[in-house]
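The block underneath contains the structure these notes are about, expressed in structure tokens.
In what follows, chains carry the letters A, B, and so on, assigned in the order in which the sequence lines appear, proteins first and then strands, with residues in each chain numbered from 1.
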Amino acid sequence: MTFELKTKIKDQRPKPDKIMSIANTRTETIIAAGIIEENDQVAARVEHLRALEALVGNSYPNKFDRSRISDQEDAISNLLAFKPVAEVLAEIKSHIGTLAEGARPDPVLKDALNKKLKFYGTARVSGRLTTTPRTMGKAAFVHLSDGKHRLQIYVRRDDVQGVFNGKLTPAGEPPNQTPAPEAVDGWELFKLLDGGDFVGVEGFLFLTNTGELSIHVEKLQFLSKALLPMPDKMHGIADPELRRRYRYADLIASSLQVEHDGLTTREVFERRARLISGMRRFLDDAGYIEVETPMLSPKATGAAATPFETYHNALDIPLYARIAPELYLKRLTVGGFEKVYELNRNFRNEGLSHKHNPEFTMLEFYCAYMDVNGMMDFAEAMIRESVEKATAGSHLVVFDGREIDFSKFERLSMKDAILRYGDVGAVEITDANIVELFEDHVEENLIQPTFIVDYPKSISPLSKANPENPQLAERFELFINGMECANGFSELNDPQEQYERFVDQQKARESGDHEAMVLDEDYIRALSYGMPPAAGIGIGIDRLVMLLTNRHSIRDVILFPHMRPLTKEVGEVEEVGEV
RNA sequence: GGUCCGAUAGCUCAGUCGGUAGAGCAAAUGGCUUUUAACCAUUGGGUCGAAGGUUCGAGUCCUUCUCGGAUCACCA
């Protein structure tokens, strides 16, 4: 019903073939379809693209050969790190460092360094124009970006030759027989460029009067068009919503060095990548094997959460997006993988918040013959070392103006934590209220990394009991800045007891607790083959990244977080559907 | 789901007590052959998130809705 209405409304949009017939060029097509907006900025860029096609032929050539230094492609970042270039840069930088603000470097030194740069010969680099060219009559400066670093190029009318990209033959038309020019007017080409376009250049390196490394361009080739204007050069994309919706544009602003809370968006995700690779390396080096277990599973279990439900047509069964890989990983310890980990997404169909996204990344790992205490030791070392990898050597991070120290994790029983932090007055701590007291009064006070231990067994259905106090589970959770970042325990491996705990959960489920854990009979069967004593942990990667990047929302550490669609169609349809 | 805040030019924002819609950047045109958020001159650019209401008159006041943010409840 709703579906039909939705289709009807969608049908009212212009049909693609209709759009094609209105539009004259392929560029106007995407404007007519409403995919990119129609305004004076876009119109100017479309005009420039047409003029460029008339000048250089193919406006989207297939490749650009960049010069090679050592064994790497000459990305701008690599060129800047190239030893002779880096030495010249270091020299000019130390010289400029001694100059008064705004003063220019000594021309004699500059000329000497420029002679050194001549030895590099011709450089061929390519990148995106980060800004609109600063044109001064018959010469201009503009920066090229490889996404990470910027390099200035200098274009003079009398020195620049344009490259012809090959003839454009519209589909269905016979090839044009007129001979292609070998070169085109480079200055004409340059004047048609907009901020954001991609070009390849060839020329020689030099230092400008102000001491900035630049390429004096001799050949200029057009590589790709930016039809949409670039983000604001000072503010980037200021609206957090648009930064998340159009992450690609948000990332472009990173090459303009636009920072938010001290880091560019690119740096956030580079740091995230280094944390994850640090964790992988630590686990690989410790003899763990990485595995992938089902994302789609007939049982949504291993955690207390509401799953996403889907359906497999050929099998004719419902499937659930996994809420945790835990029970599969422990099946693998049964199978003989003594050290095993999985670093991947979990899905929970629950509310969104600054620390909850419907899909989130979790690292889970299990180690046979280890108990909860060994796991805390190991996890502490792993997190400390990975954090240092992510932050280039520091175990200190500043979050929200507060310093967090990853060098030492405190361990505190839940009860002691309440006695220390919880201003609970004369309330007696009992098995029934301890968790509530902890969550309400303690969690927000756990700023420095703290393992909380001695959880009630009743809320830990997959955990072994503490041998000294059977009412407690051998379980811990790691809290940092008031956020739960990890959860681990000595894994329950007795199939009989595990079955009974599942049955208890099932009863809780039937009496209304819809998030109580789902019984998994095959898991009980797996345990019946015998599982070694083992400890396991799940670490919330996104939350750790938040702490390392001073981001207050999980959506700022996920490249493409889920957002409501921009179109209003859905809302309109729902209203109609209810009538 | 509850509460609070926000949406104005392509971007960043101002808009006083309800009285003709503003600036900077970006764009277009012209000038300038080592600039640094380049500069100078000229020009164009608006469904004030959407719908309704109050009013002689609404960007501004009221109601509803959409989207987003913050926060509370549940979950990691």
Side-chain angles (χ1 to χ4, degrees), chain A residues 36-45 47-48 102 104 107 110 114 130-143 150 152-160 187 194-196 206-212 214 216 228-245 249 253 256-258 303-307 323-324 346-362 364 439-440 477-479 483-487 513-515 538-544 546 552-556 563-572 574-575:
Chain A
I36 64 173
E37 49 271 52
E38 185 173 18
N39 58 46
D40 61 332
Q41 320 265 320
V42 174
R45 286 163 183 266
E47 286 303 313
H48 293 162
R104 297 185 166 208
K110 191 202 74 179
N114 275 338
T130 58
T131 49
T132 310
R134 288 189 295 277
T135 308
M136 305 159 299
K138 295 169 186 66
F141 286 99
V142 68
H143 282 93
R150 300 202 301 164
Q152 182 167 259
I153 64 172
Y154 175 58
V155 181
R156 289 168 69 115
R157 188 194 68 177
D158 299 337
D159 298 345
V160 61
W187 188 244
D194 292 300
F206 75 110
L207 297 171
T208 65
N209 286 344
T210 55
E212 178 168 349
S214 308
H216 190 124
L228 290 170
M230 293 296 102
D232 184 271
K233 62 185 168 187
M234 294 309 289
H235 308 89
I237 300 178
D239 186 339
E241 175 193 347
L242 297 179
R243 294 226 307 270
R244 295 161 187 165
R245 281 193 194 281
L256 299 166
Q257 297 306 311
V258 177
T306 311
I323 56 174
N346 290 332
F347 307 87
R348 300 190 182 177
N349 201 347
E350 287 160 357
L352 284 72
S353 84
H354 66 107
K355 49 183 182 178
H356 295 90
N357 195 59
E359 55 182 304
F360 63 101
T361 300
M362 183 130 94
E364 276 204 21
E439 287 175 353
D440 291 351
E477 286 192 355
L478 172 63
F479 288 86
M483 271 195 305
E484 184 192 339
C485 291
N487 178 18
D513 180 0
H514 60 275
E515 282 179 348
I539 300 175
I541 300 298
D542 310 284
R543 290 183 176 180
L544 220 40
M546 286 167 68
H552 294 75
S553 170
I554 195 168
R555 297 170 144 208
D556 292 329
M563 312 280 283
R564 281 196 174 82
L566 275 180
T567 56
K568 286 179 191 149
E569 285 168 22
V570 175
E572 287 168 9
E574 277 171 6
E575 276 176 29

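- Dashed line: the shortest gap from a side-chain N or O of Lys233(A) to OP1 or OP2 of rC25(B) is not under 4.0 Å.
- Using a 4.0 Å heavy-atom criterion, one finds that Asn114(A) contacts no nucleic acid atom at all.
- Look at rG1(B): its Watson-Crick or wobble partner, with both distances under 3.5 angstrom, is rC72(B).
- With distances taken from any side-chain atom of Asp194(A) to the nucleotides rU12(B), rC75(B), rA28(B), the minimum falls on rA28(B).
- Atom CE of Met234(A) and atom C1' of rA23(B) are 17 Å apart (whole Å).
- Within the nucleic acid shown, His48(A) comes within 4.0 Å of sugar-phosphate atoms alone, with no base atom in reach, counting heavy atoms only.
- Glu38(A) places its CD atom 15 Å from the C1' atom of rG46(B), with the value rounded to the nearest Å.
- Using a 4.0 Å heavy-atom distance criterion, Ala304(A) is classed as a sugar-phosphate-only contact.
- Pairing for rG19(B) is with rC56(B), a Watson-Crick or G-U wobble pair whose two hydrogen-bonding atom distances lie under 3.5 Å.
- Using atom C1' as the reference point in both rA7(B) and rC65(B), the two lie 14 Å apart (nearest Å).
- Partners of Arg244(A) under the salt bridge (Lys or Arg N to Asp or Glu O under 4.0 Å) rule, at least two apart in sequence or in another chain, are Asp556(A).
- The 5' end of RNA chain B is approached more closely, in terms of each residue's nearest nucleotide, by Asp239(A) than by the other of Asp239(A) and Thr132(A).
- Residue Thr131(A) is out of contact with every strand shown, counting any heavy-atom pair closer than 4.0 Å.
- Rounded to a whole Å, the CD atom of Glu477(A) is 11 Å from the P atom of rC75(B).
- Scanning atom types as modelled, one donor and one acceptor separated by under 3.5 angstrom connect the side chain of Gln152(A) and the base of rU35(B).
- For the OP1/OP2 pair of rG68(B) and a distance below 4.0 Å, the side-chain nitrogens and oxygens of Arg555(A) include no atom meeting the criterion.
- Scored by the side chain to side chain contact (heavy atoms under 4.5 Å, CB included) test, Met230(A) finds Arg128(A), Ala226(A), Ile252(A) as partners (sequence neighbours excluded).
- Contact annotation for Arg243(A): no contact, since no heavy-atom pair falls under 4.0 Å across all strands.
- Residues Lys110(A) and Phe206(A) form no side-chain contact, since every pair of their non-hydrogen atoms from C-beta on lies 4.5 Å or further apart.
- Look at the P atom in both rC39(B) and rC25(B): the space between them is 7 Å, to the nearest Å.
- Mapping Met230(A) and Arg156(A) onto RNA chain B by nearest heavy atom places Met230(A) closer to the 5' end of the strand.
- Here Arg134(A) reaches the OP1 or OP2 of rA38(B): one of its side-chain N or O atoms lies under 4.0 Å away.
- Nucleotides rC56(B) and rG22(B), compared at atom P, are 26 Å apart to the nearest Å.
- With a cut-off of 3.5 Å on both Watson-Crick or G-U wobble distances, the partner of rU63(B) is given as rA51(B).
- The interatomic distance linking Lys355(A) (NZ) with rG69(B) (P) rounds to 17 Å, in whole Å.
- In this structure Asp232(A) satisfies the side chain to side chain donor-acceptor pair (under 3.5 Å) test together with His235(A), sequence neighbours excluded.
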Protein and nucleotides 6-10 of chain B: nitrogen or oxygen contacts under 3.5 angstrom:
unit_1	atom_1	unit_2	atom_2	d
rG10(B)	O4'	Asn39(A)	ND2	3.4

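- Residue Arg244(A) places no side-chain N or O under 4.0 Å from the OP1 or OP2 atom of rG68(B).
- Under the rule for a ring pair (Phe, Tyr, Trp, His ring centres under 6.0 Å), His48(A) has no partner lying at least two apart in sequence or in another chain.
- The distance between atom CZ of Phe479(A) and atom P of rC75(B), rounded to the nearest whole Å, is 12 Å.
- Residues satisfying the side chain to side chain contact (heavy atoms under 4.5 Å, CB included) test with Gln257(A), not counting sequence neighbours, are Thr264(A).
- Within 4.0 Å (heavy atoms only), His354(A) reaches sugar-phosphate atoms of the nucleic acid but no base atom.
- Here the side chain of Arg134(A) pairs no donor or acceptor atom with the backbone of Phe141(A) at under 3.5 angstrom.
- The shortest heavy-atom contact between Ala238(A) and Arg243(A) is O-NH1, 3.8 Å.
- To the nearest angstrom, C1' of rU35(B) lies 13 Å from CD1 of Ile153(A).
- Base pairing of rA27(B) is made with rU43(B), judged by Watson-Crick or G-U wobble geometry with both donor-acceptor distances under 3.5 Å.
- The number of heavy atoms from other shown groups lying within 6.0 Å of CD (Glu38(A)) does not exceed 12.
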